[in-house]
Amino acid sequence: MTPSLPLAAVVLAGGASRRMGRDKATVVIDTPDGPTTLVERTVSTVVGRCAPVFVIAAPGQALPDLPASVLRDEVRGVGPLLATGRGLRAAAEAGVEHAFVCAVDMPELTTELIETLTGPAGRLGVDVVLPWDGRDHYLAGIYRTALHATIADLVHSGARSMRALVDTVDTQRIVMPEQAALANVNTPAELEAVIPPRLT
């Protein structure tokens, strides 16, 4: 049997969440294990497959205690590319060559989805492995941690989008059906359609 690919995780939790109207990371939802926040749910999923886990938060953002290292964005509102680079650099410094990068707003994320991407990431030797279900899921993919240097160059040149990265490097897309594990929740209605939120 082929050994599992060592995999860190980078969870992006510091987004502005304008459409949600509040910090998405600390939205409380009901689960079979009781009430939890979106960031706790996401971290509890990725720690089932990934180590170490890095959560990238905004300056001053309040988060619950997490079984992860919390890193702070140096500036607010510059998009996910800079935050991804920060997390990948931390994972590279920890000695891990690949990291699963995801958004905090994926309440149905599963370790099975991560493992599905891990096989191609280990076999193909590419820089990025993304799920594709009619669109790219930039924040649900596996990235080489050495890409933090490429990201730094892109950010220096003014780039802010994840697309700027994946269009620059060797990216493999894995065709998948639409599924709950890939769903992002950007509004209260989208969240309630997946898991009814608790009023807090």
Side-chain angles (χ1 to χ4, degrees), residues 8-31 33-48 50-94 96 99-109 137-141 143 145 147-165 183-192 194-200:
V10 176
V11 178
L12 304 188
S17 307
R18 292 183 183 89
R19 286 187 285 168
M20 186 65 74
R22 57 158 296 176
D23 176 19
K24 280 193 283 191
T26 53
V27 169
V28 179
I29 57 175
D30 283 318
T31 75
D33 297 322
T36 190
T37 62
L38 278 177
V39 68
E40 288 172 302
R41 184 176 177 92
T42 303
V43 169
S44 71
T45 299
V46 298
V47 297
C50 306
V53 175
F54 301 95
V55 174
I56 313 301
Q61 180 182 13
L63 293 176
D65 289 336
L66 298 166
S69 297
V70 177
L71 307 175
R72 301 283 173 179
D73 280 331
E74 296 170 2
V75 290
R76 194 182 282 270
V78 294
L81 185 61
L82 183 63
T84 297
R86 179 84 187 279
L88 292 180
R89 185 174 76 242
E93 291 170 351
V96 186
F100 177 71
V101 177
C102 68
V104 76
D105 60 354
M106 302 177 69
E108 295 296 290
L109 179 67
H137 289 269
Y138 301 118
L139 298 183
Y143 292 74
T145 59
L147 290 173
H148 70 85
T150 304
I151 291 173
D153 291 341
L154 288 169
V155 170
H156 182 73
S157 70
R160 292 292 181 267
S161 71
M162 296 298 290
R163 181 176 179 177
L165 173 64
N184 301 97
V185 290
N186 295 301
T187 66
E190 289 177 359
L191 178 60
E192 191 166 3
V194 179
I195 299 176
R198 297 174 75 246
L199 298 178
T200 56

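Residue Cys50 comes nearest to Val53 through the heavy atom pair O-CG2, 3.6 Å, listed as atom of the first residue, atom of the second, then distance. Of all non-hydrogen atoms in Tyr138 and Tyr143, the two that sit nearest each other are O-OH, 2.6 Å. Heavy-atom minimum distance, Ile29 versus Leu38: CD1-CD2, 4.0 Å. When all heavy atoms of Thr31 and Gly34 are compared, the closest pair comes out as OG1-O, 2.7 Å. Across all their heavy atoms, Thr42 and Ala103 have their closest contact at CG2-O, 3.9 Å. Among all heavy-atom pairs drawn from Val96 and Pro52, the shortest one is CG2-CD, 3.8 Å.
At a threshold of 4.5 Å between non-hydrogen side-chain atoms, the residues Val46 and Val10 do not count as touching. Under the 4.5 Å side-chain criterion, counting only non-hydrogen atoms from C-beta, Leu81 is in contact with Leu154. A heavy-atom distance below 4.5 Å is not found between the side chains of Leu82 and Ile151.
In this structure, Ala51 has no side-chain contact (heavy atoms from CB on, under 4.5 Å) partners at least two apart in sequence or on a different chain.
Of the possible donor and acceptor atoms, none in the side chain of Glu108 sits under 3.5 Å from a partner among the backbone N and O of Asn184. Distance alone, capped at 3.5 Å, is enough to place a donor-acceptor pair between the Ser44 side chain and the Arg41 backbone. No donor-acceptor pair closer than 3.5 Å links the side chain of Ser69 to the backbone N or O of Phe54.
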Side chain to side chain contact (heavy atoms under 4.5 Å, CB included) between Leu63 and Val70, intermediate numbers included: CA-CA 9 Å; Leu63 293 176; Val70 177; 4.1 Å; yes
Derivation and outcome, side chain to side chain contact (heavy atoms under 4.5 Å, CB included), residues Val55 and Val43: CA-CA 8 Å; Val55 174; Val43 169; 3.7 Å; yes
Steps toward side chain to side chain contact (heavy atoms under 4.5 Å, CB included) verdict (Leu139, Cys102): CA-CA 4 Å; Leu139 298 183; Cys102 68; 5.5 Å; no
Using a 3.5 Å cut-off and no angle test, enumerate the donor-acceptor pairs between side-chain atoms of residues 83-93 and protein atoms at least two apart in sequence or in another chain.
| residue | atom | partner | partner atom | Å |
| --- | --- | --- | --- | --- |
| Thr84 | OG1 | Pro80 | O | 2.9 |
| Arg86 | NH1 | Arg72 | O | 2.2 |

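Distance check, rounded to the nearest 0.5 Å: NE2 of His137 to CE of Met162 gives 13.5 Å. For the atom pair Glu40 CD and Thr45 OG1, the distance stands at 11.5 Å (nearest 0.5 Å).
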